[in-house]
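Take a look at the structure below.
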Amino acid sequence: MNHDFKTIEPKWQQKWEEAGAFHAGDDRSKPKFYALVEFPYPSGAGMHIGHVKAYAGLEVISRKRRMDGYNVLFPLGFDAIGLPTENYAIKTHVHPRVATDRNIEKFTMQMKKIGFSFDWSRTIDTTDEGYYKWTQWIFLKMFEHGLVFRDKTLVNYCPSCKVVLSNEDSQGGKCDVCKSDVVQKSKDVWYLRITEYADKLLEGLDHVDYPANIKAQQVNWIGKSRGAFVDFSLSGIDEKLTIYTTRPDTLFGVTFMVMAPEHPVLDKYKDRISNFDEVEKYRAECAKKTEFERTQVNKDKTGVRLSGLTARNPVTGGDIPIFISDYVMMGYGTGAIMAVPAHDERDYEFARKFGVDIIEVVKGGDISEAAYTGDGEMVNSGFLNGLCNKADSIARMIDHLEKEGIGKAGVQYKMKDWAFNRQRYWGEPIPIVHCPVCGMVPVPYEELPLRLPEVTKFEPGEGGESPLAAIDSFVNCKCPKCGGDAKRETDTMPQWAGSSWYFLRYIDPRNDKVFADPDLLKYWMPVDWYNGGMEHVTRHLIYSRFWYRFLYDIGEVPYPEPYLKRSAQGLILGPDGEKMSKSRGNVIDPLDIVAAYGADVLRTYILFLGDYGASAPWADNGVKGCRRFLERVAALTDIAKGTGSTKELERDFHKTVKKVTSDIEDMKFNTAIAALMTLLNRIGEVGSLTADELKTFVKLLSPFAPHISEEIWEKLGGKGFVSLSGWPSYDEALTVDSEIEIAVQISGKLRGTVLVPADADRDATLAIAKSDPKIAAALEGKTVVKEIVVPGKIVNIVAK
RNA sequence: GCGCCCGUGGCGGAACUGGCAGACGCGCCGGAUUUAGGAUCCGGUCCGAAAGGGUGCAGGUUCAAGUCCUGUCGGGCGCACCA
């Protein structure tokens, strides 16, 4: 065996570590490159193959950039707050601190076996008190700037985890951790006012290089819509019910209103509502439903018509009924809607079921059959009649509402404020004190970190209170403001807190005066390239942009957006084409592959198996192909002689250098590796190469398969590490052949190929094509109608 | 419902701004070597005997379409009674 990976891989891993080969340097005169990958949660199960693919992309790019002469920062840390560790603690009584340290150690050891070029001197752990001190510090800064508030509202609550969830953590009405149905529960909740940053988060997307689908997903998640707030007066009482609508142009078609069952106005006028008992019954039914059931689109509309309380259509003056129904959500808009059954599918369905009038105001459909949501001429609409342009009608109506003082233009967002507290032990304590005199008082900055107390019971309480609530020595404290007796907040922060700013800490990981030195921030930020999973697009990626933008607004960081460029890797599916899972039994353990074939083969195969951004199934035979490739590369030292250049392979090398260089930058790793395989096949045909050529070859190979590359480099007498040598350059002129083969078509059909000089112009190319015997024969007796020549590409002769 | 993406050999996948479809790898077929198996090496491999035909299907634009346009079928992802 030429490729003794079992010996050489540990050998080079040790040498890199001893030399600190991949530590980011202090030389700020060099151009910098900050490559970031999403840091892992150190679960007890250790690394899986998805981690390897997630890190391999920027691993290759970082290695190339080092060879390009950049000062590269490519760190990895651990996002260690999470329920699995806590659940493990509950089950086994092993303290989360102990379990976390153990898991981090295991993870680190596994990563090193893959040969990743992370700067391990900068590793961080979000549960380390030297780290979470600064998480708490940022929280207090937000508090100071009015971005933190507490509210008792209906929140997403997971009855199984006994924990409050943010909107982002309960997508589809399921708990993100345990997949249980989320219920709505009234609770005191800490919120971060992320909605205040909605516009900034949207606007920031114009200045970053993210894939279009990621931008689209974030835009969609933020969900900005433009419309109008309109006041509807209630008949007989001095009260207005404000609604939000995106279609103020259809106001003349409003025939009823609908409120969310929880709407507070109902309680205020319960004496007037003669069927309030029905209302309460309906509310009870709704409360029993899970969030998932309630938001099922296709379920039948239900509701209650209020007796004794009606509203007035503000443009027609007509009296209209009010309903309550759970298809209107308290959490969006104002919790009440105007219903235009003729032009809204949900209102149409409801009106049909409850026998309410349907008035057409936009022509174009058949409202006896279905709601018409398209554009058309306005009818039955007073001053809007005859208008055909929706934007016009909306503008006119808003103008009217504002003049009359009954409404105004407005915007709404689907994104909600971030429910920020969890009733859990293993998280950052929220540094707030509740004082009976002063109210909510922040813990003074100099007292940070507010440490997690030692507990013996990690379970949350039955009523959903934090385990910290049972620790009197933690709870009871003095108010920092007035010195009187006070109680600490006992909830902790969600797992997304620590990860919302971790990329800043890598820059200056051991600083205990500031979260990172401003000069270093100025040098290293923003992150040049951030790679991660699609599952974080509407969670971590939004949250961290929000925190960073806040820090920018208060002058703590130098640029408004944290990540210049974002990419996302695709999944590695099991050999059966299904998502890998233990229950399916199709899991590939990367360490098994390392043991059997070596880390170089694993790395090469993962990047060779398909488009980096796409999901692709694992194939054991494909791994063997990559092993063969590296075996054959190892054998090249036997035929590499001399240092002079030979003409035979010269152009092949220049072409390959060019291809691999650009393919790596485009994350087209599969074709970069294919190009190296092609070059290897070419070397095989020639039968020999020079030592210099082989050095070039291993430089190109080293980002993918660094161990074998170092080994060959050393054998050839290369100085230092190939990983830190210069990236090869190429001569553009030598990347094209002096003679090229071009296709000749007759009337669009391929009839042959001819060799022409690379610099042949139109006439010369055409002449050569026509003189080709096969072409000449095919043209015999035909009339040439048109001759198309694209020099260097193709000749097409249209003939009859 | 809204938004985004994808349909190419037996398989994973290549194909720059429209310009020789199927690079590279796997698998398969034949041969060499081997006691055998494995490994390795050499040759072949889109379909078709050929003329020809081929990128989910049907049209269109163009000298030329996997690539652009229209429609349609199939698959995937995200959000979702969002007013």
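Excluded from the calculations below are hydrogen atoms, water molecules and symmetry mates; all remaining heavy atoms, backbone and side chain alike, are included. Naming: A, B, ... by sequence-line order, numbering from 1 per chain.
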Does the base of [N] carry an N or O that pairs as donor and acceptor with the side chain of [X] under 3.5 Å?
X	N	result
A:Lys793	B:rU17	yes
A:Asn213	B:rC4	no
A:Lys301	B:rC81	yes

### Query
Can a side chain N or O of A:Arg628 be found less than 4.0 Å away from OP1 or OP2 on B:rU40?
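Answer yes for this pair, as a side-chain N or O of A:Arg628 is under 4.0 Å from OP1 or OP2.
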
### Query
Is the phosphate of B:rA14, meaning OP1 or OP2, less than 4.0 Å from a side-chain N or O of A:Asn670?
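True: A:Asn670 side-chain N/O within range (under 4.0 Å) of B:rA14 OP1/OP2.
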
Please work out if [X] contacts a base, only the sugar-phosphate, or nothing of the nucleic acid, heavy-atom cut-off 4.0 Å.
X	value
A:Asp347	nothing
A:Ile788	base
A:Val790	base
A:Lys668	sugar-phosphate
A:Asn621	sugar-phosphate
A:Thr245	sugar-phosphate
A:Gln745	base
A:Ala216	sugar-phosphate
A:Ser225	sugar-phosphate
A:Thr373	nothing
A:Glu741	base

Residues 787-795 of chain A side chain polar contacts: donor-acceptor under 3.5 Å, at least two apart:
| unit_1 | atom_1 | unit_2 | atom_2 | d |
| --- | --- | --- | --- | --- |
| A:Glu787 | OE2 | A:Lys770 | NZ | 2.5 |

Cut-off 3.5 Å, side chains only: do [X] and [Y] have a donor facing an acceptor?
X	Y	result
A:His536	A:Glu38	yes
A:Gln412	A:Arg226	no
A:Asn586	A:Glu578	no
A:Tyr543	A:Arg539	no

Quick one: [X] [atom1] to [N] [atom2], roughly how many Å, whole number?
X	N	atom1	atom2	result
A:Ile794	B:rC16	CD1	P	14 Å
A:Gln412	B:rA83	CD	P	9 Å
A:Asp611	B:rG13	CG	C1'	9 Å
A:Ile673	B:rG13	CD1	P	15 Å
A:Tyr244	B:rC81	OH	C1'	16 Å
A:Ile740	B:rG19	CD1	P	15 Å
A:His263	B:rA83	NE2	P	17 Å
A:Asn681	B:rG44	CG	P	12 Å

### Message
Tell me if B:rG76 is syn or anti. Syn = glycosidic torsion within 90° of 0, anti otherwise.
### Response
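Anti conformation for B:rG76.
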
### Message
Expected output check: what is the dot-bracket annotation of RNA chain B, where ( ) and [ ] are pairs inside the strand (brackets for crossing ones), | is paired with another strand, and pairs are Watson-Crick or G-U under 3.5 Å?
### Response
(((((((..(((......[....)))((((((.......))))))((....))..(((((..]....))))))))))))....

#### Entry: Derivation and outcome, side-chain contact (heavy atoms from CB on, under 4.5 Å), residues A:Arg751 and A:Gln745
CA-CA 5 Å; A:Arg751 289 299 175 209; A:Gln745 298 178 334; over 6 Å; no

### Query
Cation-pi between A:Lys301 and A:Tyr327: NZ/CZ under 6.0 Å from ring centre and within 45° of the ring axis?
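Judged by the rule, A:Lys301 and A:Tyr327 form a cation-pi pair.
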
### Task
Quick one: pull up OG in A:Ser170 and CG in A:Asn156 and give me the separation to the nearest 0.5 Å.
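Nearest 0.5 Å value for the OG-CG distance: 3.5 Å.
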
### Query
What are the two closest non-hydrogen atoms of A:Ile194 and A:Asp417, and how far apart are they?
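Scanning both residues, the minimum pair turns out to be N-OD1, 3.1 Å.
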
